[in-house]
Amino acid sequence: MDLENLSDEVEIISRVYARVHGLERTDDWLVLKLHEEVGELTQAFLSLSGRSRDRGLSDDETRDAFRGEVADALAQLLLVARRFDVDLSEELERKWFRWRHLVQPEDTAGIRDVGGSV
């Protein structure tokens with residue numbers, strides 16, 4: 001799934017969430033919600049890495065919680081980017097992928113096929 005389609009899907013679900021819970025998805029709510037999700041991701045990482053109090057979860061439940069928080073943070077970031085008209089593909093090209101010319105074979109070791117762009 002590409003970023004645009006992913007963003008559309010997340011936008012729809014966010015609208016459902018807001019409707020069901022009676023929330024107004026203002027600019028500040030979206031950014032504050034992102035901050036909340038990153039905090040929850042941090043907490044889940046601390047649990048996963050054994051640096052948090054025991055929450056009574058199994059190892060599988062702890063890993064599932066971490067994965068879920070990664071997804072929540074990504075979804076909320078997509079919503080923020082969408083709201084503020086940030087073209088993530090363009091910005092990734094500008095900020096990250098401009099370094100492609102420096103890629104060495106050892107940098108791609110163990111990485112799944114990246115579409116032959118490296």
Are [Y] and [X] co-members of a hydrophobic cluster defined by side-chain heavy atoms under 4.5 Å apart?
X	Y	value
Phe84	Val10	yes
Leu77	Leu3	yes
Val80	Val16	no

Value rounded to 0.5 Å, distance of [atom1] in [X] from [atom2] in [Y]:
X	Y	atom1	atom2	value
Asp2	Asn5	CG	CG	4.0 Å
Leu74	Leu79	CG	CG	9.5 Å
Gln76	Ser14	CD	OG	6.0 Å

Enumerate, atom names and distances included, each donor-acceptor pair closer than 3.5 Å involving a side-chain atom of residues 28-35, sequence neighbours excluded.
from	atom 1	to	atom 2	distance (Å)
Asp28	OD1	Thr26	OG1	2.5
Lys33	NZ	Glu36	OE1	2.8

Which heavy atom in [X] sits nearest to a heavy atom in [Y], and how many Å separate them?
X	Y	value
Ser52	Gln43	OG-NE2, 3.6 Å
Leu57	Asp54	N-OD1, 4.2 Å
Leu102	Asp107	O-OD2, 3.9 Å

Identify, with sequence neighbours excluded, every residue that meets side-chain contact (heavy atoms from CB on, under 4.5 Å) alongside [X].
X	answer
Asp87	Ser89, Glu90
Ala18	Leu23, Arg25
Ala81	Val86, Leu88

Remaining members of hydrophobic cluster (4.5 Å side-chain criterion), Leu41:
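Its cluster partners, ordered by chain and number, are Phe45, Leu48, Phe66, Val70.
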Please tell me if the side chains of Asp8 and Arg82 come closer than 4.5 Å, counting only heavy atoms from C-beta onward.
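Yes, close enough: below the 4.5 Å cut-off.
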Scan for salt bridge (Lys or Arg N to Asp or Glu O under 4.0 Å) pairs involving residues 61-76, sequence neighbours excluded, and state none if there are none.
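Every pair satisfying salt bridge (Lys or Arg N to Asp or Glu O under 4.0 Å) with a residue in residues 61-76: Asp60-Arg63, Asp64-Arg67.
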Can you list the steps and then say if Arg98 with Glu93 is a salt bridge (charged side-chain N to carboxylate O under 4.0 Å, His left out)?
CA-CA 6 Å; Arg98 66 188 174 114; Glu93 283 292 333; over 6 Å; no
Ring geometry between His101 and Trp99 (parallel below 30°, tilted from 30 to 60°, perpendicular above 60°)
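Judged by the thresholds at 30° and 60°, the geometry between Trp99 and His101 is parallel.
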